[in-house]
Amino acid sequence: MKRRIPIAFIFVIGEFIAFFLDGSLSQILSGTLYRYPNSLVPSLTLMWLILAVFFGDSKKLHITMWSAIIGFIFDMYYTGLLGVYVFIFPLVIYLCQTVYQMLPPNFMSGFLVYFLGITVWVSLGFVANSFIGQTSDSVAQFMVNTLAPTLAINLVFMALAYFPIEPLYRSHRQ
Amino acid sequence: MQKFFSSRKLVIVIVCLIISFGLMSVSVAFRNNRNTPPLVQQFGNDIVGFGDRIVAIPMNGVQHGFASIHNLLNTYQENQKLKSKVDQLAQTQVKDQVLERENKQLKRQLNVGSTLTGYEKINAAVITRTPSSWASQVVINKGQAAGVKKNMPVIAGPGLIGTVAEVNKTNSKVVLISNTAENSNRFAIQIIGAGSKVVNGVITSYDSQSNRIVMGNITSKAKLSKGDRVTTSGLGGVIPKGIYVGTVSKIAEDDYGLAKKVYIKPAANLNDIEVVSVAVRN
């Protein structure tokens, strides 16, 4: 029999691919995603992490550590502004983990937890950006033009990715 | 929830917050004052940039595929439109050549070396764009090694799209003019109005609702009209003179009614940038 690739390895590689896809999608579809005044920010990175929280063993995969690492790279490479996502990513992961444990493990609760995760992720990003004067949007503008569209696109991505990714982790659990 | 606020967790949260604010202030300060980011960050960015190319190249390939199909469907109409422009273009090109030669001769005669208009281009491809709704930023695949420096202007297609904000060895970040951050968008530009009177000014902000660049604090009495062309003025800093920015689309009074505010329609499409050139002043 062929030797199977360890799931931890797949998790990390998938994480980096998701990270780069975020930037590539933003670049290729920038006409659609960032058309004024709305902006739909894809966050496949966060999706991959949260799905790993749902299906995988977070102790074995070191999800919190990897979320901090990917957050640091996100700060360094994409925004050039250190100290923002390096804390937001682990916080969101911790929050999702805590809430998900209280709920029955099915698609609907996953959907709810993901909704919460994206909301916290985008809102904290907005707070950090307005703190340093990167944005001058008001809270109302932010909710209508950024939060709502971002939630919509990310929930669609999540609904599409949930069922293909579940068996990947399940097959490695035995 | 009781557990969350136990003192150990609280201490961790507070320490994280302090580190976060500290790092944020330090990186903003670096960005405003230094020409290159710290070496560690530069090194990291170079490595990540190489990794990104593995994903970005196939993705861009897919996009090119779609774009070429789209182009194929449009070819007939476009061809007709272009044909009508070709004759005009040849004429302008010849005139441009003659004028350039004349200009060179005159400069030699007057012993003027290089003026503000001369610049060379470094061509670069866009690797990726920041997935964030506030930072309008793209990463290009040329850096220090190719001669890119901070604050150099970046051109795509017909006109100016932004300036270089951060330079690493093999890639750099370009902040687009559509960025609404308080500390960006300070170009010196000029408008040539009626009777070739020149109005000098600075880009002060960007109106994201209508996709217009705003030039504020104009006290000149020169008459401007819709459709006047706007170029960089070459005053102050590393931006050469004569890079096309856009056309005047609206002229309004500012909030206090003392000065004028000009809304400029950018020439380049800021949401469709694949290849850019960095302008280096001679």
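Please read these numbers as outputs of a predicted model, since none were measured by experiment. Just so we're on the same page: letters track the sequence lines, and every chain starts at 1.
Side-chain contact check for B/V55 versus A/L21: some heavy-atom pair is nearer than 4.5 Å. Taking 4.5 Å as the limit, some side-chain heavy atom of A/F87 sits within range of a side-chain heavy atom of B/I19. In this structure the side chain of A/L82 never reaches within 4.5 angstrom of the side chain of B/M24, judged on heavy atoms. Taking 4.5 Å as the limit, every side-chain heavy atom of B/M59 sits out of range of all side-chain heavy atoms of A/F20.
Annotation: maximal heavy-atom pairing with chain A below 4.5 Å, among B/V126, B/V62, B/L17, occurs at B/V126. Between chain B and the options A/P149, A/G31, A/S130, the largest number of non-hydrogen pairs under 4.5 Å is found for A/G31.
Heavy-atom distances place both the backbone and the side chain of B/Q41 under 4.5 Å from chain A. The contact between B/F21 and chain A is made entirely by side chain atoms (from C-beta outward), counting heavy-atom distances below 4.5 Å. Using a 4.5 Å cut-off between heavy atoms, B/V138 touches chain A through its side chain atoms alone. Only the side chain of A/T146 comes within contact range of chain B, judged by heavy atoms closer than 4.5 Å. For A/N129, the part sitting under 4.5 Å from any heavy atom of chain B is the side chain, from C-beta outward, and nothing else. Using a 4.5 Å cut-off between heavy atoms, B/N171 contacts chain A through its side chain alone, with no backbone atom that close. Heavy-atom distances place both the backbone and the side chain of A/Y34 under 4.5 Å from chain B.
Partners of B/F43 according to the ring-ring contact (aromatic ring centres under 6.0 Å, His included) rule, which considers only residues two or more places apart in sequence or in another chain, do not exist here. Residues passing the side chain to side chain donor-acceptor pair (under 3.5 Å) test with B/D207 are B/S210, sequence neighbours excluded.
Looking at every heavy atom in both residues, A/G80 comes nearest to B/S27 through O-CB, 4.2 Å. Here the closest heavy-atom approach between residue B/I273 and residue A/Q27 is recorded as O-NE2, 2.6 Å. B/A56 and A/S24 make their closest contact through CA-OG, 3.5 Å (heavy atoms, listed as atom of the first residue, atom of the second, distance).
Judged by distance alone, the side chain of B/T128 and the main-chain N or O of A/G23 form a donor-acceptor pair under 3.5 Å. Judged by distance alone, the side chain of B/S20 and the main-chain N or O of A/G83 form a donor-acceptor pair under 3.5 Å.
Using a 4.5 Å cut-off between non-hydrogen atoms, the part of residues 60-78 of chain A that approaches chain B consists of A/I73, A/F74, A/M76, A/Y77, A/Y78.
Pairs engaging residues 159-176 of chain B under the salt bridge (charged side-chain N to carboxylate O under 4.0 Å, His left out) rule: B/E166-B/K173 [sequence neighbours left out].
The CH2 atom of B/W134 lies 11.0 Å from the CD1 atom of A/I132; values are rounded to the nearest 0.5 Å. Atom CG of A/L33 is separated from atom OG of B/S133 by 11.5 Å, given to the nearest 0.5 angstrom.
Other residues, nucleotides and ligands place more than 12 heavy atoms under 6.0 Å from the CZ atom of A/F163. Heavy-atom contacts from other residues, nucleotides or ligands closer than 6.0 Å to NZ of B/K265 number 12 or fewer.
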